[in-house]
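Some notes on the structure that comes next.
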Amino acid sequence: MRCYLHAVLLCMVFAVLSVLYAFNQLPVASSLESKDDGRADRRTKQSSGKQPHDIAWNIVRNGGGAYQKEHDREKTASASVTKTHDERMHLAVVACGPRLEETLTMLKSSLLFSTRPLHFHIFAEDHLHGSFREALDSWPTVGSRFIFTIYQITFPSDNAKEWKKLFKPCASQRLFLPLILKDVDSLLYVDTDILFLQPVEEIWSLLALFNSTQLAALAPEHEEPRIGWYNRFARHPYYGKTGVNSGVMLMNMTRIRKKYFKNDMTSVLLQWEELLMPLLQKYKLNITWGDQDLLNIIFHHNPESLYVFPCQWNYRPDHCIYGSNCLTAEREGVFILHGNRGVYHDDKQPAFRAVYEAIQKYPLGGNLVQDLLQPLESRLQETKHTYCGRASHMFTKRLERSVRTLQRETTGGR
């Protein structure tokens, strides 16, 4: 009987100890399970692409990083150029459809007068990559050193089709540049139909004029409200009196990535990657000019973030088609020509087309006076029957100055 009681007592002791051990392990198991659920949850968010921060993750994985199609080539300038990599200017462009030749002409114009090194960030459809490489590799070493990187067109996976067809094919890619080019501090984005009539250094220097709250610079969409589009037709908020044009956009992307933006969707401030998709969903039925309209909405609610530069930095047919209305260009000349409305490729504005074809035909390394300036001036004389042709002296005013300045520098000031 005594042996039986001892056995029962031992069993009871083991049972109590087992229960105590089990309870002691529950917090540890719960903690481990919580950590595993967290990892699984993050994997799900990254896979699904439904969380705001996943926009950046998808873009880097598909368009930057290891999956990026990259081709860098250093163009070494003359021995007099001793700039460091830290002084490199970053220039981005997005090319889709029949934009190859137009983009190459823009890139050529950026090299004509610049002396600081440039890095071209070219976002293009896959079938254009080889043509870009072949053309850029064939360019002789003149003026500025440059390297170039070619990227795939990439949008957040869940809404890629919607973003790609917004306004023009691939145009909205510019909205995602701060999320793709995470290692780039500042960037100049331009449309393919841009032509530089002076060194890129000039617009790049405007970054130093930003105050502590400004993170991007754009030009007004119109100078004259009576012919303005946004103030007459827009069905959404826009910046200032006449809106802004996004064809030339200078960005401090570090500030863009860090800022929390005011918006009209929630009282919560949102970061750039959290803002874009909700903004599109709210306004997609009300916007006409795609990503430019979204930028106008953003800066309407965050006007302190925008530096506005004058119209000569983004001179378009609207500035002369109804008579000259860009006073700063009249005084100082056109700094950057923007041939929107397809005017480089039709006969509606022959003065714009003349500038484009003069730069397109100019052989890099040629004589800037004989091979560029003189043929252009001759062509512009034939455009005086149009309003923009009568204002064409503004097209060559800055160009002549850029040529003279470069000649003085290359001849040692003689």
Side-chain angles (χ1 to χ4, degrees), residues 55-56 58-75 88-111 117-139 144 146-157 159-184 187-196 200 246-251 253 276 290-292 295 336 338-340 342 344-345 356 359-360 364:
I55 294 175
N58 274 316
I59 289 173
V60 171
R61 182 167 185 259
N62 295 321
Y67 294 90
Q68 171 184 311
K69 290 187 176 180
E70 183 175 301
H71 184 82
D72 288 353
R73 180 171 180 235
E74 184 78 14
K75 294 282 189 177
R88 192 176 300 280
M89 300 177 293
H90 293 266
L91 176 64
V93 65
V94 178
C96 286
R99 298 282 182 169
L100 173 67
E101 190 60 35
E102 188 174 88
T103 306
L104 290 171
T105 304
M106 179 277 292
L107 295 174
K108 181 195 289 185
S109 75
S110 74
L111 294 172
L118 280 158
H119 186 162
F120 299 148
H121 300 270
I122 303 168
F123 291 79
E125 292 176 305
D126 288 355
H127 71 276
L128 295 175
H129 289 197
S131 298
F132 272 115
R133 290 193 198 96
E134 182 180 357
L136 293 172
D137 279 336
S138 71
W139 283 4
S144 175
F146 74 91
I147 62 174
F148 64 93
T149 309
I150 301 176
Y151 306 81
Q152 293 174 315
I153 298 294
T154 308
F155 296 105
S157 56
N159 309 96
K161 290 183 178 179
E162 196 166 5
W163 283 113
K164 188 168 184 178
K165 67 182 181 182
L166 187 65
F167 183 43
K168 291 181 180 179
C170 310
S172 59
Q173 179 76 82
R174 86 186 81 183
L175 295 175
F176 300 96
L177 297 181
L179 309 178
I180 300 173
L181 303 175
K182 289 188 172 183
D183 294 329
V184 176
L187 181 79
L188 174 61
Y189 166 85
V190 296
D191 286 347
T192 60
D193 51 9
I194 291 296
L195 294 172
F196 294 92
V200 179
S246 61
V248 179
M249 185 173 182
L250 185 64
M251 293 178 274
M253 299 206 298
L276 297 178
D291 55 305
Q292 177 173 293
L295 288 169
I336 295 177
H338 185 177
N340 63 343
Y344 293 153
H345 312 293
Y356 173 78
I359 295 176
Q360 181 189 33
L364 275 173

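One is the number of the first residue; the rest follow in order along the sequence.
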Legend entry - Side chains of F120 and L111 in contact at under 4.5 Å (non-hydrogen atoms): yes

Inset, instruction - Could you tell me the separation between the CG atom of N340 and the CG atom of D193, rounded to the nearest 0.5 Å? - result: 6.0 Å

Legend entry - Short side-chain to backbone donor-acceptor contact, Q173 and T154, under 3.5 Å: yes

Legend entry - K108 (side chain) donor-acceptor with L364 (main chain) under 3.5 angstrom: no

Legend entry - Nearest heavy-atom neighbours spanning S172 and F155: OG-CE2, 3.5 Å

Inset, instruction - Provide the closest heavy-atom pair for L100 versus S131 in the form atom of the first, atom of the second, distance. - result: CD2-CB, 3.5 Å

Inset, instruction - Please examine the side chains of L177 and H121, heavy atoms only from C-beta on, and report whether any two atoms are closer than 4.5 Å. - result: no

Inset, instruction - List the steps and the verdict of side chain to side chain contact (heavy atoms under 4.5 Å, CB included) for F148 and L107. - result: CA-CA 10 Å; F148 64 93; L107 295 174; over 6 Å; no

Legend entry - Over all atoms of both residues, closest heavy-atom pair of S109 and I359: CB-CG2, 4.1 Å

Inset, instruction - Just say parallel, tilted or perpendicular for the rings of F123 and Y151, cut-offs at 30° and 60°. - result: parallel

Legend entry - Side chains of S246 and Y189 in contact at under 4.5 Å (non-hydrogen atoms): no

Inset, instruction - Would you give the length of the straight line joining atom CZ of R88 to atom CD1 of I147, rounded to the nearest 0.5 angstrom? - result: 4.5 Å

Legend entry - Results of salt bridge (Lys or Arg N to Asp or Glu O under 4.0 Å) for D191 - residues two or more places apart only: R174

Legend entry - Value rounded to 0.5 Å, distance of NE2 in H119 from CG in L181: 8.5 Å

Inset, instruction - State the CD1-CG distance between I122 and L104, to the nearest 0.5 angstrom. - result: 7.5 Å

Inset, instruction - Hey, could you give me the CZ/CG distance between F146 and L91, rounded to the nearest 0.5 Å? - result: 11.5 Å

Inset, instruction - Decide side chain to side chain contact (heavy atoms under 4.5 Å, CB included) for T105 and T192; before the verdict, give the C-alpha distance in whole Å, the side-chain angles of both, and the deciding distance to 0.1 Å. - result: CA-CA 9 Å; T105 304; T192 60; over 6 Å; no

Legend entry - G247 versus I194, closest heavy-atom pair with distance: O-CG1, 3.9 Å

Inset, instruction - With sequence neighbours excluded, tell me which residues meet ring pair (Phe, Tyr, Trp, His ring centres under 6.0 Å) with Y356. - result: Y344, H345

Legend entry - Whether E125 side chain and G97 backbone form a donor-acceptor pair below 3.5 Å: yes

Legend entry - Distance in Å, L295 CG paired with L276 CG, rounded so as to fall on 0.5 Å steps: 8.5 Å

